[in-house]
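Chain letters run A, B, ... following the sequence lines, proteins first, then strands; residues in each count from 1. The basis for the numbers below is simple: all heavy atoms, side chains too, and nothing from hydrogens, waters or symmetry mates.
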Amino acid sequence: MSGNPYTKAPPVGKPGRPKSVQEPLFRFLPRHVTAAQVQKAMEGDINPFTKQPHTPQYKKILEMRKMLPVYAQRNEVLKMFSDNQIVIIVGETGSGKTTLIPQFVCYSDLPHTKGKLVACTQPRRVAAMSVAKRVADELDVPLGKQVGYSIRFENMTEPGTTFLQYMTDGMLLREAMNDPDLQRYSTIILDEAHERTLSTDILIGLLKSLAKRRSDLKIIIMSATLDALKFQKYFSSSETREPAPLLRVRGRMHPVEVFYTQEPEPDYVEAAIRTVLMIHRAEDPGDILLFLTGEEEIEDACRKIKLEADDLVNQDPESVGPLICIPLYSSLPPQQQQRIFDPAPSPRVPNGPPGRKIVVSTNIAETSLTIDGIVYVVDPGFSKQKVYNPRIRVESLLVSPISKASAQQRAGRAGRTRPGKCFRLYTEKDFMKELEEQTHPEILRSNLSNTVLELVKLGIKDLVRFDYVDAPAPETLMRALELLNYLSALDDDGNLTALGSIMAEFPLDPQMAKLLIVSPEFRCSNEILTIVAMLSVPNIWLRPPYRRREADEAHALLSVPDGDHLTLLNVYNNYKQNLGDRNWAWNNYLSQRALAQADNVRSQLQRNMERFDIDLVSTQDQRKLYTNVRQALVCGFFMQVAHREGEKGAYLTVKDNQVVNLHPSCGLDNQPEWVIFNEFVLTTKPYIRTVTEVRPEWLLEYAANYYDLSSFPDGETKRALQRVAGRRSKKAIEPEGSSNGRSSKQQKKAQQRQKKGQQKSPMDPVDVIVVRMQQIQMQQQ
DNA sequence: GAGCACTGC
């Protein structure tokens with residue numbers, strides 16, 4: 001344990017004032033506050049943080065707070081906090097740890113007396129918002145004053161007033177990029193650490209080393225039970241090797257009885273439907289939650305359940321009650337998601353058999369959304385999970401068996417309001433022997449180019465030896481470094497370049513950040529800004545079943561034959577011309593929600609661009625503009641290029657040589673020889689999605705390093721490029737050879753560099769940008 | 001011939 005500079009801080013309370021009535025925190029010694037003191041402050045008539053009398057509802061809420069299991073353990077919590085720099089707290093859902101522990105920390109740490117904050121991170125925005133609201137109510141203060149939240153697009157805090165800040169883990173990571181010591185905070189609480197999001201994992205690593213530099217910083221890691229040992233070991237004392245201190249808080253859950261199948265089920269969807277109907281026929285009243293893997297599966301199952309349930313009711317109206325089946329997945333509009341809170345249907349006739357509600361959901365109901373009143377859970381044991389293949393640089397979603405931890409979490413959903421039952425559609429033996437203990441943390445399943453850029457910006461020099469809780473595959477790190485080097489974000493020694501430093505400031509994938517930064521050189525930064533924003537939001541295209549043809553026709557009217565990126569630009573411009581009209585979006589089968597989100601992202605990115613003095617420019621002539629946009633796209637996405645092979649519409653990705661097809665949603669009116677793509681998706685087949693035609697000359701010109709033919713793998717793609725390079729060098733000798741309005745002087749420079757044979761000669765537009773960035777940085781210093 | 005869930009000053 002390190003020294004604690006606050007132990008000598010004077011007790012709170014002005015000496016002239018006699019009684020603790022005016023000063024409820026009188027004699028509170030920061031970080032040595034006792035449970036009795038906290039209890040007294042909580043029960044007092046004066047709010048210790050506002051010095052105002054408590055409102056009448058305060059006492060009501062206080063009674064509920066006192067019922068939470070964590071309250072009963074306040075003694076242990078406060079003592080642990082006083083005695084240690086780093087504490088691990090584990091607790092089941094319903095323990096009250098997310099709301100109460102940060103409050104106890106505030107009563108003890110007294111951050112407001114030293115101009116600091118207590119941060120509590122959440123993996124999700126909605127959680128950060130709703131918990132902050134809840135805690136503000138509990139402490140009887142307005143939300144955004146003493147208690148606030150900070151999430152992307154919304155800062156509900158008041159500098160100087162807020163001392164308890166809920167925030168997304170991603171936000172704290174962003175903050176660390178500009179203040180690696182996180183000086184604003186006196187205590188940092190990482191909640192839901194067991195979810196092991198990318199941001200949480202990086203934060204854990206940073207905090208471990210920060211704890212050594214800042215002995216005054218306290219850290220609390222909160223997690224579900226199973227991971228406790230791992231975190232304890234990870235945070236063990238470097239001197240004594242003692243595991244970090246652990247506190248278990250009890251949950252308040254009702255028992256859930258778990259059933260397994262005798263034999264493995266060959267078709268889990270069919271088995272799930274059968275089980276749901278069996279529960280409906282035979283079990284006591286209570287709602288059902290069924291976990292399936294995706295939208296299509298869910299809609300399909302809902303249809304079948306409804307049909308079969310109607311049959312049952314018709315056959316036996318005396319004993320089978322009515323049933324509603326509600327689908328739940330993230331791409332549903334929020335209004336429809338709200339339906340999960342509808343009550344179960346009433347009996348058809350007075351005193352008839354009661355109705356039942358069935359929610360059929362993706363994993364969203366496992367972590368993000370809780371539905372009260374669920375008594376039965378049906379768990380087929382699968383979910384779609386992200387997997388990353390560094391060899392071909394492809395992230396994809398695969399239906400995979402869930403982990404034991406996940407299965408437990410799912411079962412727990414049945415016991416929130418009363419004792420429940422969980423039907424697992426696999427054998428007990430499979431549960432014990434086949435399921436992994438934990439879901440692999442995201443850092444092992446993701447493309448890390450973004451994360452690596454963040455880490456380098458955070459000042460982490462040796463990425464391989466960074467103290468990860470779980471170290472990613474070296475090949476994944478290598479792939480990320482390679483990409484960042486080709487993008488000129490890192491130099492050949494892995495150091496952050498001026499360009500890379502700016503790129504890291506944008507909440508974007510490095511390719512897109514690069515694209516945005518070079519876009520003024522192509523006189524189309526307004527348009528690239530739009531395209532990047534549109535690529536950063538979920539799918540904008542709606543395609544309701546039974547309306548597929550109409551939707552496709554509407555989309556065809558908006559599409560630009562030169563490429564899907566330009567179609568996105570066109571859709572956004574039309575959306576703005578129609579003033580963001582909901583009906584216009586709906587009539588064109590577009591998601592108004594996604595478009596509004598893109599508009600929001602666009603403004604945020606625009607503010608970033610202005611901060612770095614990146615010009616917002618356009619080209620008037622539309623043909624020219626479209627060409628410029630396509631050229632700029634090459635500067636970011638030159639590694640995501642495919643070349644047509646043969647006549648059957650097959651493409652080969654450059655260098656990786658993966659056979660891919662244009663995704664059916666692609667709007668190109670022909671099959672161009674060269675295309676760049678935004679995404680490689682592996683569903684029924686390997687597809688490339690959001691595709692735009694490019695000229696091979698642009699690849700050689702704007703991505704000369706990557707398209708250095710001497711190091712290019714042999715094949716048809718290389719031969720095609722060689723033919724282009726041959727034509728190009730002939731053309732360059734002619735005096736009028738300027739292809740892109742670039743001066744012959746610039747071209748000469750480029751040729752000279754190529755002659756010199758520099759392995760990593762930077763691309764021209766970047767040259768210009770890097771110099772300008774350096775100037776800006778010098779000005780700022 | 002077609003997408004789990006999150007996130008980013």
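Applying the 4.0 Å criterion to OP1 and OP2 of B/dG1, one finds that A/Arg543 has every side-chain N and O outside that range. Residue A/Thr362 places at least one side-chain N or O under 4.0 Å from the OP1 or OP2 atom of B/dA5.
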Before giving the answer on side-chain hydrogen bond (donor to acceptor under 3.5 Å, both in side chains), spell out for A/Ser446 and A/Lys386 the whole-Å C-alpha distance, their side-chain angles and the decisive distance to 0.1 Å. CA-CA 7 Å; A/Ser446 306; A/Lys386 188 166 73 177; 3.3 Å; yes

Going through the checks in order, is the side-chain contact (heavy atoms from CB on, under 4.5 Å) test met by A/Gln658 and A/Phe680? CA-CA 10 Å; A/Gln658 295 296 305; A/Phe680 182 137; 3.8 Å; yes

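Contacts of A/Asp552 with the nucleic acid, taken as non-hydrogen atoms under 4.0 Å apart, include base atoms. Note on A/Arg152: a base of the nucleic acid sits closer than 4.0 angstrom, heavy atoms only. Contacts of A/Thr367 with the nucleic acid, taken as non-hydrogen atoms under 4.0 Å apart, are absent. As judged by a 4.0 angstrom heavy-atom cut-off over every strand, A/Tyr687 is placed among residues touching the sugar-phosphate backbone only. Residue A/Glu295 is in sugar-phosphate contact alone, with no base atom involved, counting any heavy-atom pair closer than 4.0 Å across all strands shown. Backbone-only engagement by A/Tyr329 is indicated by non-hydrogen atom pairs under 4.0 Å involving sugar-phosphate atoms exclusively. The residue A/Asn178 sits close to a base: some heavy atom pair falls under 4.0 Å. Counting non-hydrogen atoms under 4.0 angstrom, A/Ser330 reaches the backbone sugars and phosphates but no base.
In the model, A/Glu297 has a side-chain atom that pairs as donor or acceptor with a side-chain atom of A/Thr293 under 3.5 Å.
A heavy-atom distance below 4.0 Å to DNA chain B is reached by these residues of residues 161-173 of chain A, ordered by number: A/Thr168, A/Gly170, A/Met171.
The ring-ring contact (aromatic ring centres under 6.0 Å, His included) pairs that include a residue from residues 156-179 of chain A are A/Phe49-A/Phe163, A/His112-A/Phe163, where partners are two or more places apart or lie in different chains.
In summary, A/Glu154 and A/Arg125 do not engage in a salt bridge, as defined by a charged side-chain N under 4.0 Å from a carboxylate O. For the pair A/Asp552 and A/Arg549, the salt-bridge criterion is not met [side-chain N within less than 4.0 Å of a carboxylate O]. Checked for salt-bridge contact, A/Glu192 and A/Arg124 miss the test: no charged N lies under 4.0 Å from a carboxylate O.
When distances are taken from the side chain of A/Arg125 to each of B/dA2, B/dG8, B/dA5, the shortest belongs to B/dG8. Listed candidates were B/dC6, B/dG1, B/dG8. Nearest to the side chain of A/Pro664 is B/dG1. When the nucleotides B/dG3, B/dA5, B/dT7 are ranked by their closest atom to the side chain of A/Arg124, B/dT7 comes out on top.
Look at CZ on A/Arg196: it is 17 Å from C1' on B/dT7, rounded to the nearest Å. When the P atom of B/dC6 is taken as reference, atom CG of A/Leu397 falls 13 Å away, rounded to whole Å. Straight-line distance from the CD1 atom of A/Ile151 to the P atom of B/dG8: 7 Å, rounded to whole Å. Atom pair A/His663:NE2 and B/dA2:P shows a separation of 7 Å (rounding to whole Å applied). Atom-to-atom, CG of A/Asn155 to P of B/dG8 comes out at 12 Å; the value is rounded to the nearest Å. Separating the CZ atom of A/Phe680 from the C1' atom of B/dG3 is a distance of 16 Å, rounded to the nearest angstrom. Look at CG on A/Leu535: it is 18 Å from P on B/dG8, rounded to the nearest Å. Residue A/Ile688 contributes atom CD1, which lies 17 Å from atom C1' of B/dG3 at whole-angstrom precision.
A/Glu679 meets the salt bridge (Lys or Arg N to Asp or Glu O under 4.0 Å) test with A/Arg689; sequence neighbours excluded.
Residue order along DNA chain B, read from the 5' end via each residue's closest nucleotide, puts A/Thr197 first among A/Thr197 and A/Glu505. The 5' end of DNA chain B is approached more closely, in terms of each residue's nearest nucleotide, by A/Asn363 than by the other of A/Gln604 and A/Asn363.
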